[in-house]
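Here's the structure, in structure tokens; my notes come after.
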Amino acid sequence: MIYADNAATTKMSQAAIHTMVSVMNETYGNPSSLYGIGQQAKEVLEKAREDIAQVIGAEPREIVFTSGGSEADNQAILSAAELGKKNGKMHIISSAFEHHAVLHTLEKLKKEGFDITLLDVHSNGIVTAQEVEDAIRDDTCLVTIMFANNEIGTIQPIREIGAVCRRKNVLFHTDAVQAIGHIPVNVKEDNIDMLSASAHKFHGPKGVGFLYARKGIRLSNLIEGGAQERGKRAGTENVPGIAAMAEALKEANANMAVHAAQLTALRDRLIQGLSRIPHSALNGDAVHRLPGNVNFCFEGIEGESLLLLLDDKGIQASSGSACTSGSLDPSHVLLAIGRVHDVAHGSLRLSLGDDSTQEDVDSIIIAVEEVVAYLRSFSPVWRDLCSGKTHFIL
Ligand SMILES: *Cc1c(COP(=O)(O)O)cnc(C)c1O
């Protein structure tokens, strides 16, 4: 089996599993309890907060633990919106290819009267700082632009966008779920006010993540109840998950340079191999992209069939994000970079991981070549393209 869907989720690292199990076995107290085992759990929690803060250049008190990336995105955006509303600022800037946790939250705010500007991401899948600057108005309360895209892997000029927001005095949030643990992220150097992260995208457990909010930013609670997380996120903390998340992040950070170099070489080999397939195209910028991300469109085929046949050959991949596959709509990300519906349907995302090998990559190239040729052999769309009845786009 070749697992090439690390953008959907990653396998937990052995160190993270070990930490999780040992906390479950030995530190099972409630961190809010005052007796020994409760206080030990509290220590585990606060150590995790310190470790995570250190990795991203934050202070421990600026980290709020959440149930994952989606919750962190919701809390960041809704907090900024509430602050904006109080000050009569109801304009938010984002991009057309954000994760649905961002886009759907913005849709909800639109119904409440907010004005939402979704910036164009261009054919290379990148938003520029100049475009953000041009879109900022007197009533803008938030800019939210993702660090790296989950489908096409493109990395945004976050530091420059953050600098523009600082200069214009507008809050800046970034969904860094795909970036954290994979490429360098430092909230201070990158001028970030709020940042979302999720453990299961960097070899930690599912169902746990965190929100960084620069001190001084008033967060609103999504969940009311006890006074956990300085009153900003009620509910007994997921201590084993949080400890495992911190362990996974430290490990990912320590190995980042080595893993990124290996993955970039594998990624480029895979891109080169797949580019040999006629009428195919890489989606997103070739250079400013995550080390493990490859995303292609193949003309004249249908992504879902491609995935099923690859699965038969033992290769696990995706046609977009896990949230959109299963529906027949083409990916909003591919449409945002200007792929037409028919072409966007024939897409394939391969996201390599730390244990991917060159043999894996070579097997993937052969399998994709075979499957694409096979699907084209009986595709009416392909027949029309070849006979000149319709025109090739790629
Ligand atoms: C996975 C992902 C999320 C959602 O994180 P969960 O922890 O699964 O809720 C949000 N944004 C991006 C970019 C992602 O890749």
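Values reported hereafter were calculated over all heavy atoms of this structure, with side chains retained and with hydrogens, waters and symmetry mates removed. For ligands, and for the atoms within them, numbers begin at 1 and follow the listed sequence.
In the candidate list Glu98, Glu71, His100, His200, His200 is nearest to atom 8 (O) of ligand 1, counting heavy atoms. Evaluated by nearest non-hydrogen atom to atom 15 (O) of ligand 1, the leading choice among Lys206, His99, Gln178, Glu151 is Gln178.
Ligand 1 has a nitrogen or oxygen under 3.5 angstrom from a nitrogen or oxygen of Ser198. Between Lys201 and ligand 1, an N or O atom pair is found at a separation short of 3.5 Å. The shortest N/O to N/O separation between Asp175 and ligand 1 falls below 3.5 Å. For the pair Gly68 and ligand 1, the shortest N or O to N or O distance does not fall below 3.5 Å.
Using a 4.0 Å cut-off between charged nitrogen and carboxylate oxygen, Lys215 and Glu59 count as a salt-bridge pair. With salt bridges taken as basic N to acidic carboxylate O contacts below 4.0 Å, one links Arg167 and Glu133. Using a cut-off of 4.0 Å between Lys/Arg side-chain N and Asp/Glu carboxylate O, Asp139 and Lys89 are scored as not salt-bridged. A salt bridge does not link Lys47 to Glu43: none of the charged side-chain nitrogens sits closer than 4.0 Å to a carboxylate oxygen. Remark: Lys110 does not engage Asp115 in a salt bridge, criterion side-chain N to carboxylate O under 4.0 Å.
Scanning the protein heavy atoms around atom 6 (P) of ligand 1, the nearest turns out to be Gly69 N, 3.5 Å.
Listed by number with element, the atoms of ligand 1 under 4.0 Å from a non-hydrogen atom of Met146 are 13 (C).
Arg218 places no side-chain N or O within donor-acceptor distance of the main-chain N or O of Leu83, the cut-off being under 3.5 Å.
When non-hydrogen atoms are compared, ligand 1 lies under 4.0 Å from the backbone of Ser70 as well as from its side chain.
Aromatic rings from His182 and His259 are positioned such that their centres are separated by 6.0 Å or more.
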